[in-house]
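Working notes, structure below.
This is a predicted model, so every value here is computed, not measured.
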Amino acid sequence: MKHAFAFLVGLIFAVGLGLAGMTQPAKVVGFLNFTGHWDPSLAFVMLGAIGVNFVLFRLVLKRKSPLFEGLFQVPGNIHLDQRLIMGSGIFGIGWGLAGYCPGPAIVSSGAGSGRAILFTAAMLIGMLLFRAFISWDTKRGDERVTQLSR
């Protein structure tokens, strides 16, 4: 049941991205092009999503637990730090250059778009490299702590 519900929610999300035009890189780039021929239509999509999320998020968190899990997994860090700002900047630059962010890229990959498949492959490689870096950095930090405690 959990996987069927996850598939249904993903399908609704994919249809919403397609209907909103988020799977069309030219539309996204037009939205981000403030100095050229700006297309503000995606702003309405984002404002609608923010409004729906603002209401539903509060209603959902009034429950003791999610429908198919024991606990909610909500990020606890509310502070802006260098990593968050750098990551957000890299995400925004990538979104502006390619016209895709992860969700629309995966949806467009499923539709067979070559550019989206290339973007998704590059995104997955980047995620693997990041995971390897974090693992290496954590291990290096643990070794430093061990050396300092000797």
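Hydrophobic clustering keeps Leu84 apart from Met86 (ILVMFWY residues linked when any side-chain heavy atoms are closer than 4.5 Å, directly or through intermediates). Under the 4.5 Å side-chain heavy-atom criterion for Ile, Leu, Val, Met, Phe, Trp and Tyr, Leu67 and Val9 are members of the same hydrophobic cluster. Residues Ile106 and Met22 fall into different hydrophobic clusters, defined by Ile, Leu, Val, Met, Phe, Trp and Tyr side chains chained together at heavy-atom separations under 4.5 Å.
Within 6.0 Å of the CZ atom in Phe34, the count of heavy atoms belonging to other residues, nucleotides or ligands exceeds 12. For Met46, the CE atom is densely surrounded, since the number of other residues' heavy atoms within 6.0 Å is greater than 12. A 6.0 Å sphere centred on CZ of Arg140 holds more than 12 heavy atoms belonging to other residues, nucleotides or ligands. The environment of CZ in Phe68 is crowded: more than 12 heavy-atom neighbours from other residues, nucleotides or ligands sit within 6.0 Å. Taking a 6.0 Å sphere around CG of Leu71, one finds it holds 12 or fewer heavy atoms contributed by other residues, nucleotides or ligands.
The shortest non-hydrogen separation linking Leu42 to Lys27 is CD1-O, 4.0 Å. Of all the heavy atoms in Val107 and Ala14, the pair that sits closest is CG2-CB, 3.6 Å. Annotation for Trp95 and Cys101: closest pair CD1-N, 3.4 Å, computed over non-hydrogen atoms. Closest of all the heavy-atom pairs between Phe72 and Val60 is CZ-O, 3.4 Å. For Ala98 against Arg115, the heavy-atom pair with the smallest separation is O-NH2, 3.4 Å. The minimum heavy-atom distance linking Pro102 with Phe91 is given by the pair CD-CE1, 3.4 Å.
You'll find the side chain of Met123 reaches within 4.5 Å of the side chain of Met127, heavy atoms only. Here the side chains of Ser113 and Tyr100 are in contact, with some heavy-atom distance below 4.5 Å.
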Quiz prompt | Step-by-step side chain to side chain contact (heavy atoms under 4.5 Å, CB included) determination, Thr120 to Leu124 | solution = CA-CA 6 Å; Thr120 303; Leu124 292 174; 4.2 Å; yes
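Judged by distance alone, with hydrogens and angles left aside, the side-chain atoms of Trp38 form a donor-acceptor pair with the main-chain N or O of Phe31 at under 3.5 Å. Side-chain atoms of Ser108 come within 3.5 Å of backbone N or O of Pro104 as a donor-acceptor pair.
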